[in-house]
Protein chains: 2
Amino acid sequence: MADKKTPKRARRPLTEIRQDNIDQILKAAERQFAETGFSGTTVAAIADAAGLPKPNVLYYFKSKEGLYRAVLKRILELWMEAMHDLSADDHPREALRDYIVRKIRQSRDYPDASKIFAAEILHGAPYIRAELEGPLKVQFDDTVEVIRAWIAKGWMEPVSPEHLLFTLWAATQSYADFSLQMRVLLARDELRDDDFDNGIELLTRLVLKGCGVKIV
Amino acid sequence: MADKKTPKRARRPLTEIRQDNIDQILKAAERQFAETGFSGTTVAAIADAAGLPKPNVLYYFKSKEGLYRAVLKRILELWMEAMHDLSADDHPREALRDYIVRKIRQSRDYPDASKIFAAEILHGAPYIRAELEGPLKVQFDDTVEVIRAWIAKGWMEPVSPEHLLFTLWAATQSYADFSLQMRVLLARDELRDDDFDNGIELLTRLVLKGCGVKIV
DNA sequence: CCACCTTTTGACCACGCGGTCAAAAGGTTG
DNA sequence: CAACCTTTTGACCGCGTGGTCAAAAGGTGG
């Protein structure tokens, strides 16, 4: 009557188990940290969400702080990636539009990452100060130079590159960080694709027209 | 040798004591909550910052949550105040510029308020959901209508009023919420007045030119 | 000055938290 | 199968936390 091979867990190689668990934990942690912040999140909550007992989470990540740092690391990489391919050779007409599209897509696809990053900055960046001052600053300075080059070529009017970037970041990330407020004020259960598209359209318009980039 | 009237605390009326203490506590709480969030803030830390023993804080505010709600209430009033005097009669040229100026000034003068508000939204607005859905939504809808009226009068080109407001909020508040990031990337110890002015100038330019508001 | 109310304060408590541990279970390798 | 390593798990712990309490101190009003 009983099946010959009892339905005990399939034999899985350790490497796979390890990878799967780490992934599950990181995923659960990202969601929890985004929802309730670092202090508001308990290791037990992460463990529950990941479907593992609490000590197992501490087995893979030595401490709650270690886990948080691991989460932050992935987020920062994602964050800096989008800035990469702004090039002085491209025309700001396409480059800026593409950048806005990428950043808003990121807010739509990885809202938790954006929220964690925002909360970290908000509270004084106690865990990623060094990365801000190092890699991110370098990236930022490079991008500022790209915009300066565009201005020098007459491709756009002279505006502060630094504040242009600040505004771009703020406006695009708000589609993740403040999505709740948007949802409430737009009377929606969830932001829809065309909400993000409207954001892209408006912001592109403001930036291109505002910086005097000829749309041809 | 000793002075005749020993330097004991001056006799102060209870009403004054009460008001002073409540103000001190609210002030200390605002700073603490902004710095470390709701969960990350301890009542003891607030009490220390206010120069009072912990049970005294709990005497004036029944609980940590009650204190947080009191802080939030003041912040929300401040937040909605700025939206008030957008009127369909005014021309967007001045109205939008003034609004941007007000909001960025607010970020400069009350950064803690902005941070607390941002963190609250970020984490799902567990304590001010009702106010968002009520008063703020009403205010928002009114303001959207004002912008629609401007468009109908031909004073600005047709853009999404909702997303215009979202962008305005995001860009202006980021001068409080992300001031740390700005400081690091601009290599400053503190944001200076001209940093805020540059933000005002850029954002005004983007919005007015971007929305086709004639600058005359 | 006295009875009364408000405020202040140190001591205290229950509880939830991050983290530990040792033993069991499961995978690996010859 | 046997010796060994990695992973899993329940039980446990010390500490910091929000909150309480009762007594003392201080202000108030007749």
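Lettering of chains follows the sequences in order, A, B, ..., and the numbering in each one begins at 1.
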Report yes if a donor N or O on one partner sits less than 3.5 Å from an acceptor N or O on the other, where the partners are the side chain of B:Lys62 and the base of D:dG19; otherwise report no. no

Rounded to whole angstroms, how far apart are NZ on B:Lys64 and P on D:dG19? 8 Å

How far apart are the closest heavy atoms of B:Ser107 and B:Gln173, and which atoms are they? OG-CA, 3.5 Å

As a test of reading the structure: which of D:dT7, C:dG10, D:dG18 is closest to the side chain of B:Pro55, going by heavy atoms? C:dG10

Given atom CZ of B:Phe61 and atom C1' of C:dT7, what is their separation to the nearest angstrom? 15 Å

OP1 or OP2 of C:dT7 sitting under 4.0 Å from any side-chain N/O of B:Arg18? yes

Cationic tip of A:Lys103 above A:Tyr175 ring, under 6.0 Å, 45° of axis: no

If I take atom NZ in residue B:Lys54 and atom C1' in nucleotide C:dG10, what distance separates them, rounded to the nearest angstrom? 11 Å

Could you pull out the closest heavy-atom pair between B:Leu185 and A:Asp141, with the gap in Å? O-OD1, 4.4 Å

CD1 of A:Ile25 versus C1' of D:dT7: gap in Å, rounded? 11 Å

Using OP1 and OP2 only, check whether a side-chain N or O of A:Tyr60 sits under 4.0 Å from D:dT6. no

Base, sugar-phosphate alone, or nothing: which one does A:Thr41 contact when heavy atoms must sit under 4.0 Å apart? sugar-phosphate

Near-ring test A:Phe117/B:Phe178, centroid separation under 6.0 angstrom: no

Side-chain atoms of B:Val43 come closest, of C:dG19, C:dT7, D:dG18, to D:dG18

With the side chain of A:Asn21 defined as its heavy atoms from C-beta on, choose the nearest nucleotide among D:dT8, C:dA11, C:dT8. D:dT8

Which listed nucleotide (C:dC17, C:dT8, D:dG18) is nearest to the side chain of B:Tyr59? C:dT8

Send over the distance from B:Glu16 CD to C:dT7 C1', rounded to a whole Å. 15 Å

Using whole Å, report how far CG of A:Leu58 lies from C1' of C:dG19. 6 Å

Rounded to the nearest angstrom, tell me the gap between atom CD1 in B:Ile46 and atom C1' in D:dG19. 14 Å

Aromatic ring centroids of A:Phe33 and A:Tyr68 under 6.0 Å? yes

Spacing of B:Ile17 atom CD1 relative to D:dG27 atom P, expressed in whole Å: 6 Å

Ignoring backbone atoms, establish whether B:Asn56 has a side-chain N or O less than 4.0 Å from OP1 or OP2 of C:dT8. yes

